[in-house]
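What follows is a set of notes on a single structure, which appears directly below.
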Amino acid sequence: MTEKTLAIIKPDAVKKKVVGKIIQRIEGEGFEIAGLKMLHLTKEEAEGFYIVHRAKPFYASLTDFMSSGEIVVMILEGENAIEKWRKIMGVTDPALAEPGTIRHQYGFSVERNATHGSDAPQTAEWEINYFYKS
Ligand code: DAT
Ligand code: MG
């Protein structure tokens, strides 16, 4: 089933100059890029995006990080896009991510882990709408 997911190249990966490599991987994996823009989130916008994590001990640090520099936001479209993109990213902690995954390749820490991907159809819809208000 064709579906859409929200992907973000996070500030650590933009600073590392691996935007091109990550987009090349995305295209090579067969996704359609249905939307793409570079943004610098305010602290409030980062807090809004990660609102589900507001009670977590890492919320303040995460939203400081996500508003610390430019990010690249994309809508990826394809068969099983949500799960497929999460597999290509690898697990949250780059130290535990499998070789060949983006977080293994480019992540630095559990917080500075290079990319984001939606985790379910409802969150994908909510996250896409957060950046691409319909
Ligand atoms: P994911 O991004 O793999 O969906 P998540 O939704 O659990 O992971 O968390 C969102 C982001 O919050 C994650 O990409 C990085 C940060 N994060 C998660 N767990 C963390 C932790 N234990 N310490 C610091 N940052 C964390
Ligand atoms: Mg998540």
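Remember, it's 1-based here, ligands and their atoms both numbered in the order they're listed. These numbers come from the heavy atoms of this one structure, side chains and all, not from hydrogens, waters or symmetry mates.
Sparse packing is recorded around NZ of Lys21, with 12 or fewer heavy atoms of other residues, nucleotides or ligands lying under 6.0 Å away.
Each of Val18, Ile26, Ile102, Asp12 was evaluated against Thr115; a single residue qualifies, Ile102, per the side chain to side chain contact (heavy atoms under 4.5 Å, CB included) test.
With Tyr132 as the aromatic partner, Lys37 meets the cation-pi criteria of under 6.0 angstrom to the ring centre and within 45 degrees of the ring axis.
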I'd like a table of donor-acceptor pairs (distance under 3.5 Å, sequence neighbours excluded) in which one partner is a side-chain atom from residues 68-83, with atom names and distances.
from  : atom 1 : to    : atom 2 : distance (Å)
Ser68 : OG     : Phe65 : O      : 2.6
Glu79 : OE1    : Met1  : N      : 2.9
Glu83 : OE2    : Lys87 : NZ     : 3.0

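Pairs passing the side-chain hydrogen bond (donor to acceptor under 3.5 Å, both in side chains) check and including a residue from residues 96-105, sequence neighbours excluded, do not occur.
Hydrophobic clustering, defined by side-chain heavy atoms of Ile, Leu, Val, Met, Phe, Trp and Tyr closer than 4.5 Å, groups Leu96 together with Val91.
For ligand 1, the protein residues within 4.0 angstrom (heavy atoms only) are Lys10, Tyr50, His53, Phe58, Leu62, Arg86, Thr92, Arg103, Val110, Glu111, Asn113.
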